[in-house]
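Working notes for the structure below.
Numbered from 1 within each chain, the chains take letters A, B, ... in sequence-line order. Note: hydrogens, waters and symmetry copies are ignored here, and every other heavy atom, side chains too, is used.
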Amino acid sequence: MSEVIVVAEQREGKFRDVTFELISKAKELSKSSGFKITGVILGYGTNELAQELSLYGLDEVVSIEHEILKNYSCEGYVKALSSFLREREPVLTMIGHTVYGLDYAPALAAELNFPLVTDCINLSMENRKLKVTRQMYSGKINVEFSFPRAEKYMVTVRPTVFKPAEKTGKKSRVVKVKAEIPVKELKTKFIELIKPSAEEVDISQADVIVSVGRGIGDKDNLPIVESLAEAIGAALGASRPVVDNGWLPKSRQVGQSGKTVKPKVYLAVGISGAMQHVMGMKGSETVIAINKDPNAPIFDVSDYGVVANLFDIVPTLTETIKKIRGT
Amino acid sequence: MDVVVCVKSVPLSEQEIVINEEETGVVKENFKYEMNEWDSYALEEAVQLKEKLGGKVTVVTAGAPNWNLDFVLRECYAKGADEAVKVVDEAFEQLDPLTTAKVLAEVIKKLNYDLVLTGVQASDDNYTQTGVTLAKLLGLPHVSVVTKVGVSQDQKFLTVNQELEGGYEQIIQVSLPALLTIQTGINQPRYASLMKIRAAMKKEIKTLKLEDLGFTRDKLLGMVPVKVERVFTPKVEKAVKFLKGSPEEIAQQIVEILKDKGLIG
Ligand SMILES: Cc1cc2nc3c(=O)[nH]c(=O)nc-3n(C[C@H](O)[C@H](O)[C@H](O)COP(=O)(O)OP(=O)(O)OC[C@H]3O[C@@H](n4cnc5c(N)ncnc54)[C@H](O)[C@@H]3O)c2cc1C
Ligand SMILES: Nc1ncnc2c1ncn2[C@@H]1O[C@H](COP(=O)(O)O)[C@@H](O)[C@H]1O
């Protein structure tokens, strides 16, 4: 029977959400095609995690253990997974498009000579022929790809797109495999995991966030959005380029590599809506976006949109609110 | 330390993206191109390493004839690159990251290097794949999404920070030669002075054809494992309501939304 392999992702003994999203999509694909679904977990001392994974209605859970896999190791993952996948020859291997995923999947695919498509937002399979959809131009277009010559495929899948699978109550068998990793030959070495430091400001607790993007143009223009945030009583957030430029501290950054926020209102000012930003704010109750580009992807995740120059709108909005508040 | 930097020429980010009638791609006629944002950080990191440790910075780009490759490479010269190589062919419009990496690998194999840098991603195709694939093809260890680079005293290995999600990072040691994919914010890319821009205009750009690297256009296109079936506009997750009117009228509508949510009195 053909097999779909889902590589689980864990950090510090906890599964990351994308693991369960991959499982649910794999189940959907197998419903029409009758594939066996195997979950693979890499680590060291991961017995409990493997048992947990076995509750999600998979056909099999394989736990690949090695001391070097205690912390994420790209070389370790590629060595361990390539020998495992060579043996299993799955029709499809699914990996999360996380930093780990984008770090090892391309090397693994090249090693195995599997075609890889990264950051997929949809997958469909008919007669063992896979089609995938991914975005380009930072979310402005979708592109559907087929694989004319391939019979085995590898994909990385964008997190937060698919609904996570739930526990089924049925327990699948767990198989332990000891990975053969030539530790002496490795050219990289894990030194340390650094956790986010506790910061003075925590925007993730705010009811309203005014978030500023590269559209602000210059550090000298920041007071325009700062005044708006102050008038509303909102926390000030930012997209990555504003932080990269040193205009605001990292603690303000919303997105994949910054904070995940879920305020009642998220007001995005001059932010295009790249997926790494959207991932951190799409749980907001109401999103209002101001952007001069009517095709900016941020409008795809907004409740209200204003297509205009932010410099025309934001100061007027600040004044209007100040008047109401009598300040 | 000799560093090779891969830079991609990409359409300006504010470029309007229009899907062609056949729904097989986007209309590229009026595109203007610039250096990929991530690659400008990779270039800066390379130039800073050279300034600290000596050595040479070589930039490599591959692209179609209309991608303004010379413009991008001259900017690299003006910002401190010592040598620039371009591979030019129409085929690059249609390549996937694996096939592009195969071409880049052939160029880089012939160069002297201790370190290869790429960006984390190209802002047009967003594959985040070419750098790691290239490392594999060159037989180099790699670290991706790097936000800090330290060099050991004997210059035999690097200690780098790899950015993970949600403010996590991990520190990794990697022996040289190696490849890193560079994340934005790692440094502050410099501006080029007018003098350096002028000097850059006179520098030589080495031009390679596919044949110089043992490829042909047909062979390369035949290596691409994927086929574009359809290009289409993304489905919206929420039905957005556009607010219209004068700035005052729009401000008033936003105020009403905030009031509805009980956020202003
Ligand atoms: C691994 C990885 C992690 C990342 N993590 C994050 C993250 O955590 N958070 C994050 O934000 N990004 C992150 N990014 C970067 C992300 O891909 C985008 O580059 C970034 O979000 C773009 O920020 P922006 O929208 O402010 O800038 P741009 O994409 O440059 O958009 C600027 C917008 O402003 C509009 N604009 C310009 N002028 C005006 C004006 N006068 N009035 C109105 N609108 C105007 C433009 O139309 C445009 O839409 C990450 C990338 C990678 C590869
Ligand atoms: N055609 C190209 N020429 C030179 N470098 C490239 C090219 N395509 C991709 N790269 C490099 O690979 C990185 C990642 O690109 P991508 O995998 O397309 O997102 C870029 O930041 C560049 O450093």
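- Heavy atoms of Ile257(B) lying under 4.5 Å from chain A belong exclusively to its side chain.
- With a 4.5 Å cut-off on side-chain heavy atoms, Leu102(A) and Val145(B) count as touching.
- Distance OG1/Thr316(A) to CD1/Ile250(B): 9.0 Å, rounded to 0.5 Å.
- Panel note: side chain Arg134(A), backbone Asn126(B); a donor-acceptor pair is recorded below 3.5 Å.
- Within the 4.5 Å cutoff, the side chain of Glu319(A) has no heavy atoms near those of the Glu248(B) side chain.
- In plain terms, the two heavy atoms of His142(B) and Thr188(A) that are nearest each other are O-CG2, 4.2 Å.
- Inspection of the Ser302(A) and Lys238(B) side chains reveals no N or O donor paired with an N or O acceptor under 3.5 Å.
- In this structure, no portion of Thr130(B) lies under 4.5 Å from any heavy atom of chain A.
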> Can you list the steps and then say if Glu285(A) with Lys261(B) is a salt bridge (Lys or Arg N to Asp or Glu O under 4.0 Å)?
Replying inline: CA-CA 10 Å; Glu285(A) 249 175 61; Lys261(B) 294 259 152 195; 3.1 Å; yes
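- The contact between Ile19(B) and chain A is made entirely by side chain atoms (from C-beta outward), counting heavy-atom distances below 4.5 Å.
- Using a 4.5 Å cut-off on side-chain heavy atoms (C-beta onward), Leu164(B) and Tyr100(A) make contact.
- For the atom pair CG of Leu263(B) and NZ of Lys264(A), the computed distance is 6.0 Å after rounding to the nearest 0.5 Å.
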> Checking salt bridge (Lys or Arg N to Asp or Glu O under 4.0 Å) for the pair Arg240(A)/Glu163(B): CA distance, chi angles, key distance, verdict?
Replying inline: CA-CA 13 Å; Arg240(A) 180 168 191 128; Glu163(B) 175 189 281; 2.9 Å; yes
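- Here the CG atom belonging to Leu258(B) is positioned 7.5 Å from the CG atom belonging to Leu267(A), to the nearest 0.5 angstrom.
- Note: Asp124(B) leads Asp124(B), Val174(B), Thr181(B), Val143(B) in heavy-atom pairs under 4.5 Å with chain A.
- For Lys136(B) against Ala110(A), the heavy-atom pair with the smallest separation is CG-CB, 3.6 Å.
- Put simply, the side chain of Asp103(A) gets close to the backbone of Ser144(B): a donor and an acceptor are under 3.5 Å apart.
- A salt bridge links Arg16(A) with Glu165(B): the closest approach of a Lys/Arg side-chain nitrogen to an acidic carboxylate oxygen falls below 4.0 angstrom.
- For chain A, no part of Glu23(B) is nearby; none of its heavy atoms comes within less than 4.5 Å.
- Against chain A, the residues from residues 229-236 of chain B that qualify, each with a non-hydrogen atom under 4.5 angstrom away, are Glu229(B), Arg230(B), Val231(B), Phe232(B), Pro234(B), Lys235(B), Val236(B) in number order.
- Using a 4.5 Å heavy-atom cutoff, the side chains of Tyr168(B) and Arg11(A) are in contact.
- For a residue to count as touching a neighbouring chain, one of its non-hydrogen atoms must lie under 4.5 Å from one of that chain's; by this rule Ala135(B) does not touch chain A.
- Note that CD of Gln188(B) is 8.0 Å distant from CG of Asp244(A), once rounded to the nearest 0.5 Å.
- Using a 4.5 Å cut-off between heavy atoms, Phe157(B) makes no contact with chain A at all.
- For Asn161(B), the part lying near chain A is the side chain, with the backbone staying farther off; criterion is any non-hydrogen pair under 4.5 Å.
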>> One pair to check against side-chain contact (heavy atoms from CB on, under 4.5 Å): Leu116(A) and Leu98(B). What are the steps and the verdict?
In response: CA-CA 9 Å; Leu116(A) 169 70; Leu98(B) 172 64; over 6 Å; no
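- Shortest non-hydrogen contact noted between Thr118(A) and Tyr127(B) is OG1-O, 2.8 Å.
- Classification of the Phe31(B)-Tyr137(A) ring pair by plane angle, with boundaries at 30° and 60°, yields perpendicular.
- Glu14(B) has its side chain out of reach of Lys292(A): every pair of non-hydrogen atoms, C-beta onward, lies at least 4.5 Å apart.
- The two residues Ser123(B) and Ser138(A) have their closest heavy-atom pair at O-OG, 3.8 Å.
- In this structure, chain A has a heavy atom under 4.5 Å from the side chain of Ile17(B), while its backbone stays farther away.
- Salt-bridge annotation for Glu144(A) and Lys227(B): absent, with no side-chain N of the basic residue lying under 4.0 Å from a carboxylate O of the acidic one.
- Shortest non-hydrogen contact noted between Pro196(A) and Gly166(B) is CG-O, 3.5 Å.
- Neither the backbone nor the side chain of Pro97(B) comes within less than 4.5 Å of any heavy atom of chain A.
- Considering only heavy-atom pairs separated by less than 4.5 Å from chain B, the leading option among Thr318(A), Val143(A), Leu108(A), Thr156(A) is Val143(A).
- Residues Ile288(A) and Ile254(B) form a side-chain contact, since some pair of their non-hydrogen atoms from C-beta on lies under 4.5 Å apart.
- For Phe242(B) and Phe299(A), the ring centers are positioned less than 6.0 Å apart.
- Of the atoms belonging to Val224(B), it is backbone heavy atoms, and not side-chain ones, that fall under 4.5 Å from chain A.
- To the nearest 0.5 Å, atoms OG1 (Thr320(A)) and CD (Gln253(B)) are separated by 11.5 Å.
- In this structure, the separation between CD1 on Ile172(B) and CD1 on Ile191(A) is 9.0 Å, given to the nearest 0.5 Å.
- Counting only N and O atoms by type, the side chains of His97(A) and Thr128(B) include a donor and acceptor under 3.5 Å apart.
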